[in-house]
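Have a look at the structure below, then the notes.
Proteins get letters first, then strands, A, B, ... in listed order; numbering begins at 1 in each. This is a predicted model, so every value here is computed, not measured.
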Amino acid sequence: MTPAAGRPFPTVATLLGRRRTTRCIAQVQSRLARFAAAYSALVSPSPIAAASRPSPAVATLLGRCRTTRCIAQLHARIIRLGLHNHHALLARFAAACDALECPSVAASFIAALPGSHAAAVPLRLRNAVLASLARHAPLHAALAEFKLLLQRGARPDSFSFPCVIRACARASCLSAGRALHAAAIRVGVHADLFVRTALIQFYGRCGAVGAARALFDQIHIPSEVSWTTIIVAYVNNGDIVAARNLFDRMPQRNVVHWNMMVDGYVKCGDLEGARKLFDEMPERTATACTSLIGGYAKAGNMAVARSLFDKLEDRDVFSWSAMISGYAQNGYPGQAFRVFSEFQRQGIHPDELLVVGLMSACSQLNNFRLALWIEDYIAKYSIDMNNVYVLAGLVNMNAKCGNLERATVLFESMPARDVFSYCSLMQGHCLHGSADKAVELFSQMLSEGLSPDNTMFTVVLTACSHAGLLEEGKKFFDMMKNVYLIVPSVEHYACLVSLLGRCGMLQEAYELIISMPGKPHPGAWGALLGGCKLHCNIELGKIAAKKLFEIEPYNAGNYVSLSNLYANIDRWGDVSELRAEMTEKRITKIAGRTLVLQ
DNA sequence: TTAGGGTTAG
């Protein structure tokens with residue numbers, strides 16, 4: 001029994017029985033007509049006859065399709081109505097799948113067509129599916145589709161190659177890209193400008209700039225895009241000189257070329273070169289200006305970044321984001337939030353990267369309520385919470401702001417945990433009184449097979465110090481040197497000094513500082529002074545304080561620490577003497593404040 | 001077909 005004749009009719013009959021209006025009658029009438037057309041298509045399923053019969057209802061619905069569920073329904077409907085050899089409709093179906101980023105649905109549809117229908121699928125439609133797979137699916141899916149195309153006896157053309165080659169470029173898959181290059185030569189489309197430009201991009205991305213350049217030199221008249229691609233290849237491989245040489249040789253330059261070169265100088269860390277070129281631009285674009293802002297922000301020069309931003313007229317989400325994360329990265333979370341409130345007044349939609357910067361600023365403020373507000377903000381603007389950076393930012397912010405329960409839930413929901421997320425959660429535990437849990441997490445991380453870096457060792461040694469875990473701390477310090485071959489930095493030594501100091505091993509801590517390579521470090525001496533304060537060791541405390549007064553003569557905190565040490569052992573005379581010295585040297589301490597949240 | 005920004009320590 002055919003599906004058209006078998007299933008839908010009882011439904012129509014039921015509808016006829018329930019008819020109450022003339023509009024309902026009209027609907028049933030049109031449904032009957034659709035079934036009749038589908039039925040005749042099944043009776044004579046010639047591709048030509050089917051192709052000439054349009055299916056306005058399905059085609060219209062495909063245009064309106066907004067969900068994958070809707071795609072699945074239309075998929076079923078096309079099969080039920082026997083419209084699978086209607087190529088114009090299949091092209092629309094593939095386009096809808098592409099828009100919803102589910103190309104494999106279209107690919108499997110075509111792959112499942114019976115032999116004679118499959119052979120009739122035009123190359124143009126196959127190329128569309130291939131391009132969609134290359135854009136939205138993993139590389140292996142696009143390569144499998146390409147192989148299938150060859151197996152079905154179709155000859156790929158100049159439109160089949162560029163999209164798959166670009167996918168190889170994105171994945172930096174040298175072997176697959178080379179195989180495609182060879183296939184393009186065999187088929188005879190390797191000289192096509194689009195194929196060659198895609199190959200230049202591919203070799204550039206894989207670090208084979210020489211191969212990219214050789215292909216570029218073979219082009220008789222390169223297009224503007226070919227010029228862009230070869231220059232990008234040089235920029236991304238750190239050869240700004242070669243990029244500049246080509247830029248200077250270009251017959252004509254468009255804004256993309258200028259933007260790219262300015263960004264190239266920024267990427268190479270040559271801010272002066274970037275600024276000079278930016279000033280030479282015939283039309284200074286917001287894009288190039290934003291690259292410069294990002295460069296100055298990364299270099300810690302927020303004053304210049306700010307002045308450029310103030311002069312920038314058409315600011316987009318990139319420029320706002322550069323300022324917010326610039327302030328956050330340089331330790332000015334308050335400024336980051338000031339820029340953010342200005343941003344909110346612009347009516348620009350935030351994106352994933354902007355909220356990442358915002359969360360970084362919030363994590364430095366340790367503000368529980370603000371963190372809750374930001375999570376609401378993220379939900380309100382439909383920010384993708386599965387984005388790896390957003391998720392990492394959420395774990396970090398919640399951990400730092402004291403919402404460890406939420407941070408842990410998010411951490412455990414991560415598809416792949418990395419050193420960043422472990423660091424964030426461990427620091428959260430450290431800051432909020434469960435340093436032993438942080439040390440546990442470190443062991444868990446090692447058992448997951450992740451390699452700790454030097455930042456991670458600073459974190460775990462700090463955790464050991466907070467929890468007073470002497471043996472573990474010493475073990476991790478040795479592990480860092482001997483297993484991971486990381487040369488301990490002054491920060492690592494300072495953590496170990498702090499740990500020894502807390503555990504009362506002040507003499508050992510002092511000897512460690514003396515044995516440390518390099519200049520005396522305020523962190524290490526400060527850690528020793530802290531230990532001396534805790535264990536009331538006045539002799540070593542005075543030595544540490546004296547060193548600190550030499551290194552940081554205007555840091556009031558050191559005077560206060562020594563003063564507190566004297567106070568701990570009731571040497572009030574020394575306390576007042578020290579206070580007098582501070583007044584004499586005009587060293588003042590900003591009064592501390594405590595805020596207790598309800 | 002080509003170009004821009006991001007997460008972790010002290």
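Counting all heavy atoms, side chain and backbone alike, A:Cys168 lies closest to A:Leu180 at SG-CD1, 3.6 Å. Across all their heavy atoms, A:Pro333 and A:Ala361 have their closest contact at CB-O, 3.3 Å. Scanning all heavy atoms of the two residues, the minimum distance from A:Ser226 to A:Ser223 falls at OG-OG, 2.8 Å. Contact between A:Arg196 and A:Ile219 at its shortest, heavy atoms only, is CD-CG1, 3.4 Å.
The salt bridge (Lys or Arg N to Asp or Glu O under 4.0 Å) search around A:Asp436 returns none, not counting sequence neighbours. Legend: residues meeting salt bridge (Lys or Arg N to Asp or Glu O under 4.0 Å) with A:Lys276, ordered by chain and number and at least two apart, are A:Glu280. For the salt bridge (Lys or Arg N to Asp or Glu O under 4.0 Å) test, no residue two or more places apart in sequence or in another chain qualifies with A:Glu491. With sequence neighbours excluded, the residues that form a side-chain hydrogen bond (donor to acceptor under 3.5 Å, both in side chains) with A:Asn259 are A:Thr285.
Between the CD atom of A:Glu224 and the P atom of B:dT2 there is a distance of 14 Å, given to the nearest Å. The CG atom of A:Asn366 sits 10 Å away from the P atom of B:dG10 (whole-angstrom rounding).
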So what does the secondary structure string of DNA chain B come out as, 5' to 3', with Watson-Crick or wobble pairs under 3.5 angstrom, [ ] for crossing and | for pairs with another strand? ..........
Summary of protein contacts for nucleotides 3-8 of chain B, nucleotide by nucleotide, where a base hit scores B, a sugar-phosphate-only hit scores S (4.0 Å, heavy atoms): BBBBBB
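You cannot call A:Trp227 stacked on the base of B:dT2; the centres under 5.5 Å and planes under 30° rule is not satisfied.
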